[in-house]
Amino acid sequence: MASRKEGTGSTATSSSSTTGAAGKGKGKGSSGDSAVKQVQIDGLVVLKIIKHYQEEGQGTEVVQGVLLGLVVEDRLEITNCFPFPQHTEDDADFDEVQYQMEMMRSLRHVNIDHLHVGWYQSTYYGSFVTRALLDSQFSYQHAIEESVVLIYDPIKTAQGSLSLKAYRLTPKLMEVCKEKDFSPEALKKANITFEHMFEEVPIVIKNSHLINVLMWELEKKSAVADKHELLSLASSNHLGKNLQLLMDRVDDMSQDIVKYNTYMRNTSKQQQQKHQYQQRRQQENMQRQSRGEPPLPEEDLSKLFKPLQPPARMDSLLIAGQINTYCQNIKEFTAQNLGKLFMAQALQEYNN
Amino acid sequence: MATPAVTASDPPATPAPAPAAAPASTPASAPAPAPTPAPAPAAAPASSSDPGAAAATTAAPGQTPASAQASAQTPAPSLTGPALPGPFPGGRVVRLHPVILASIVDSYERRNEGAARVIGTLLGTVDKHSVEVTNCFSVPHNESEDEVAVDMEFAKNMYELHKKVSPNELILGWYATGHDITEHSVLIHEYYSREAPNPIHLTVDTSLQNGRMSIKAYVSTLMGVPGRTMGVMFTPLTVKYAYYDTERIGVDLIMKTCFSPNRVIGLSSDLQQVGGASARIQDALSTVLQYAEDVLSGKVSADNTVGRFLMSLVNQVPKIAPDDFETMLNSNINDLLMVTYLANLTQSQIALNEKLVNL
């Protein structure tokens with residue numbers, strides 16, 4: 001999936017450089033901090049994302065799509081979007097690029113903003129911090145400075161409140177990804193912790209006046225929703241699933257830690273062995289010198305003791321990030337539920 | 001950009017002659033309506049005795065438009081076609097999703113200079129009793145006093161692209177902004193009849209006549225004296241709004257921009273949402289109470305159905321002994337507190353791990 005998105009990233013650059021409006025915000029000089037302080041979404045985009053997931057994304061498949069819009073000063077305005085077909089039959093990546101080009105060209109005919117400014121993805125219970133997402137977002141952000149990834153959580157939305165978050169990679173992480181060097185030394189140098197991998201950008205929703213009129217019209221005509229999931233107290237299922245995912249991640253993490261520990265132990269053992277070998281060599285050489293024989297040649301230590309491969313740190317960073325997200329979700333969830341329970345208690349006491 | 005332009009011959013007194021003439025002149029060239037719409041009419045019972053049946057094109061797959069037209073020109077009762085399951089009015093119901101309307105309004109706002117209205121294609125699925133419109137896209141077109149040109153090539157292309165994402169959607173009809181049905185609408189309807197059997201026409205009044213944005217749906221019916229040239233009339237259909245649950249929530253949120261001064265809202269945090277929802281329930285409860293008081297004081301006459309609803313409402317509150325409630329409440333609170341503690345613990349663990357690794 002990562003390769004497919006890289007293809008789209010590069011077509012984004014080519015397509016936006018061929019269109020006349022290329023200069024619109026794309027050539028901003030990259031300052032130290034991020035270029036986007038706020039994301040402004042049209043109501044239409046929200047509805048489209050919801051509909052796309054509802055129709056195509058049942059089950060644990062993620063649905064993805066492209067965001068279109070423009071950049072105004074430090075605000076990213078997203079005015080339209082279109083979905084990406086599911087990657088079911090692996091006939092050709094050519095298909096996706098073609099699809100995207102066709103779509104953008106057609107949308108241009110009807111005056112829809114055709115600047116690629118990001119992509120969106122649905123998520124299952126908040127598990128979106130993966131290598132694939134990182135790679136895709138990196139290629140997008142590399143091509144287009146201000147792109148974001150919108151994460152839509154349908155399950156949380158079904159529970160009563162729209163859950164839409166916009167993320168970008170921090171500049172530090174961008175640097176590391178550019179180098180493509182994920183060894184421990186490089187990461188230590190960059191001083192990246194899991195909290196500094198993604199930064200969340202605040203979202204606002206904005207509608208035009210005409211859409212507001214439409215909303216009033218709809219409100220008059222449509223029935224009130226009969227399910228108020230938000231105030232439901234029966235939530236143990238949701239909590240259970242969240243905890244399950246968290247446990248899996250923690251297991252992964254502990255395995256990773258074990259691997260790291262073994263690596264450390266092995267390196268230190270190797271160091272000791274090297275040291276001993278050197279000492280023995282020196283002793284032998286001194287003995288030989290005292291006997292008047294030529295000293296033994298210095299042997300290349302690195303050939304005798306092969307250096308150990310340090311484990312990739314990127315994965316553990318991702319796992320830590322994911323665990324962090326899960327914990328955040330759980331805490332939000334428990335806060336809400338505690339509120340509801342206390343409310344129920346107050347009502348019950350009032351009755352008695 | 002192949003734009004088939006049709007000049008409406010001498011501003012016709014009624015749009016009647018033109019469409020009747022046009023399909024007759026293109027009997028063979030009309031490609032058999034693409035296989036996808038075919039299953040739909042086959043499914044609909046062809047109740048030919050239905051006088052209100054509307055058909056400009058084929059019913060059974062494989063029939064060319066000309067023959068259908070010929071059969072339609074016989075006296076009305078023998079009209080075949082994807083007949084509506086009942087006599088007019090109150091025939092088929094059109095169920096719209098809000099995303100369609102938002103899309104239409106958005107394309108209206110982005111129209112070209114000088115264009116008075118925007119048109120586009122409607123996609124969706126057909127049911128036995130209703131038609132559900134779930135997607136749409138706008139199609140560029142040029143309209144002037146005496147001619148109208150629609151880029152059908154573009155429409156076909158877009159439809160192909162959309163099919164890749166959602167293969168179940170069929171072309172159902174077309175939409176136009178503006179509050180009237182003009183002569184050109186008939187011609188455009190004609191184009192669309194080639195794509196889908198019995199297309200639906202949706203109008204969204206963006207010019208806000210009467211201070212409201214009226215949304216209406218039509219289907220075309222033939223009218224006139226049987227045996228002579230037939231005219232076309234647009235008969236209205238009932239429009240209902242369909243929502244998925246998540247869509248409902250999305251629309252509720254977006255609606256909030258109506259109340260904010262610069263039409264901007266942020267997404268609220270967790271407890272705020274609970275607060276908002278409880279405020280809504282409080283409002284609903286006070287309305288109900290007000291109604292009950294009005295009935296008691298005689299201001300409003302009692303209605304049995306409402307009374308029954310009220311009774312079921314009151315009965316739904318479960319009767320729990322206070323002790324049981326206490327235990328349930330406490331155990332739930334304990335669970336939540338424990339989980340919060342665990343989450344915090346895990347977070348501090350991974351932070352520690354990070355520090356150790358970076359030593």
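Just so we're on the same page: letters track the sequence lines, and every chain starts at 1.
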Inset, instruction - Counting only heavy atoms closer than 4.5 Å, note whether A:L239 contacts chain B via side chain, backbone, both or neither. - result: side chain

Inset, instruction - Count the heavy atoms belonging to other residues, nucleotides or ligands that lie under 6.0 Å from NZ of A:K331, then report whether that count exceeds 12. - result: yes

Inset, instruction - Determine yes or no for a side-chain-to-main-chain donor-acceptor pair under 3.5 angstrom, with A:Q322 supplying the side chain and A:V129 the backbone. - result: yes

Inset, instruction - Check each of B:V150, B:I119, B:D151 against B:P140 using the side chain to side chain contact (heavy atoms under 4.5 Å, CB included) test, and report the only one that passes. - result: B:D151

Legend entry - Part of A:F342 lying under 4.5 Å from any heavy atom of chain B: side chain

Inset, instruction - State, without any angle test, whether B:E169 and B:H162 hold a side-chain donor-acceptor pair at a distance under 3.5 Å. - result: no

Inset, instruction - Against chain A, label B:D335 side chain, backbone, both or neither, depending on which of its atoms sit under 4.5 Å from a heavy atom there. - result: neither

Inset, instruction - Please flag which part of A:I257 lies under 4.5 Å from any non-hydrogen atom of chain B: side chain, backbone, both or neither. - result: side chain

Inset, instruction - Under the side-chain contact (heavy atoms from CB on, under 4.5 Å) rule, what do A:Q328 and B:Q347 come out as? Steps first, then yes or no, please. - result: CA-CA 9 Å; A:Q328 293 287 83; B:Q347 272 183 321; 3.3 Å; yes

Legend entry - Portion of A:L338 that has a non-hydrogen atom of chain B nearer than 4.5 angstrom: both

Inset, instruction - Output the option from B:T346, B:N168, B:V251, B:T134 having the highest count of non-hydrogen pairs under 4.5 Å with chain A. - result: B:T134

Legend entry - Heavy-atom contact with chain A under 4.5 Å, split by part of B:E109: side chain

Inset, instruction - With a 4.5 angstrom heavy-atom cut-off, could you sort out which part of B:F137 is near chain A: side chain, backbone, both or neither? - result: neither

Inset, instruction - Tell me, for A:P202 versus chain B, whether the close heavy atoms (under 4.5 Å) come from the side chain, the backbone, both or neither. - result: neither

Inset, instruction - Report the option among A:V46, A:L243, A:N324, A:N242 that has the most heavy-atom pairs separated by less than 4.5 Å from atoms of chain B. - result: A:N324

Inset, instruction - Check each atom of B:L96 against the heavy atoms of chain A and say whether the ones under 4.5 Å are side chain, backbone, both or neither. - result: neither

Inset, instruction - Go through the atoms of A:I41 and report whether side chain, backbone, both or neither lie under 4.5 Å from a heavy atom of chain B. - result: neither

Inset, instruction - Go through A:N337, A:L214, A:V250, A:D42 and name the one with the most non-hydrogen pairs under 4.5 angstrom from chain B. - result: A:L214

Inset, instruction - Against chain B, label A:M264 side chain, backbone, both or neither, depending on which of its atoms sit under 4.5 Å from a heavy atom there. - result: neither

Inset, instruction - Please flag which part of B:N332 lies under 4.5 Å from any non-hydrogen atom of chain A: side chain, backbone, both or neither. - result: both

Inset, instruction - Hey, could you give me the CZ/CG distance between B:R110 and B:D106, rounded to the nearest 0.5 Å? - result: 4.5 Å

Inset, instruction - Under 4.5 Å, counting heavy-atom pairs only, tell me which of B:V239, B:I215, B:L101 racks up the most with chain A. - result: B:L101

Inset, instruction - Quick one: which of B:S107, B:A242, B:S138 has the most heavy-atom pairs under 4.5 Å with chain A, could you say? - result: B:S138

Inset, instruction - Would you mind checking which part of A:N80 comes under 4.5 Å of any heavy atom in chain B, side chain (CB onward), backbone (N, CA, C, O), both or neither? - result: side chain

Inset, instruction - Below 4.5 Å from any heavy atom of chain A, which atoms of B:S166 appear? Answer side chain, backbone, both or neither. - result: both

Legend entry - Minimum-distance pair of heavy atoms, taken over all atoms of B:E247 and B:V99: OE2-CG1, 4.2 Å

Legend entry - Verdict with supporting geometry, B:H141 and B:V118, side-chain contact (heavy atoms from CB on, under 4.5 Å): CA-CA 8 Å; B:H141 84 300; B:V118 191; 5.6 Å; no

Legend entry - Side chain / backbone / both / neither for A:V110 at chain B, heavy atoms under 4.5 Å: both

Inset, instruction - I would like to know whether A:F84 and A:Q100 meet side-chain contact (heavy atoms from CB on, under 4.5 Å); could you show each step before the answer? - result: CA-CA 8 Å; A:F84 234 75; A:Q100 202 166 338; 3.5 Å; yes

Inset, instruction - Could you please spell out the steps behind the side-chain contact (heavy atoms from CB on, under 4.5 Å) verdict for A:R249 and A:L245? - result: CA-CA 6 Å; A:R249 279 289 156 277; A:L245 290 167; 6.0 Å; no

Inset, instruction - Can you see which heavy atom on B:S278 is nearest to which on A:M343, and at what distance? - result: OG-SD, 3.9 Å

Legend entry - Sidechain N-carboxylate O distance under 4.0 Å for B:R280, B:D283: no

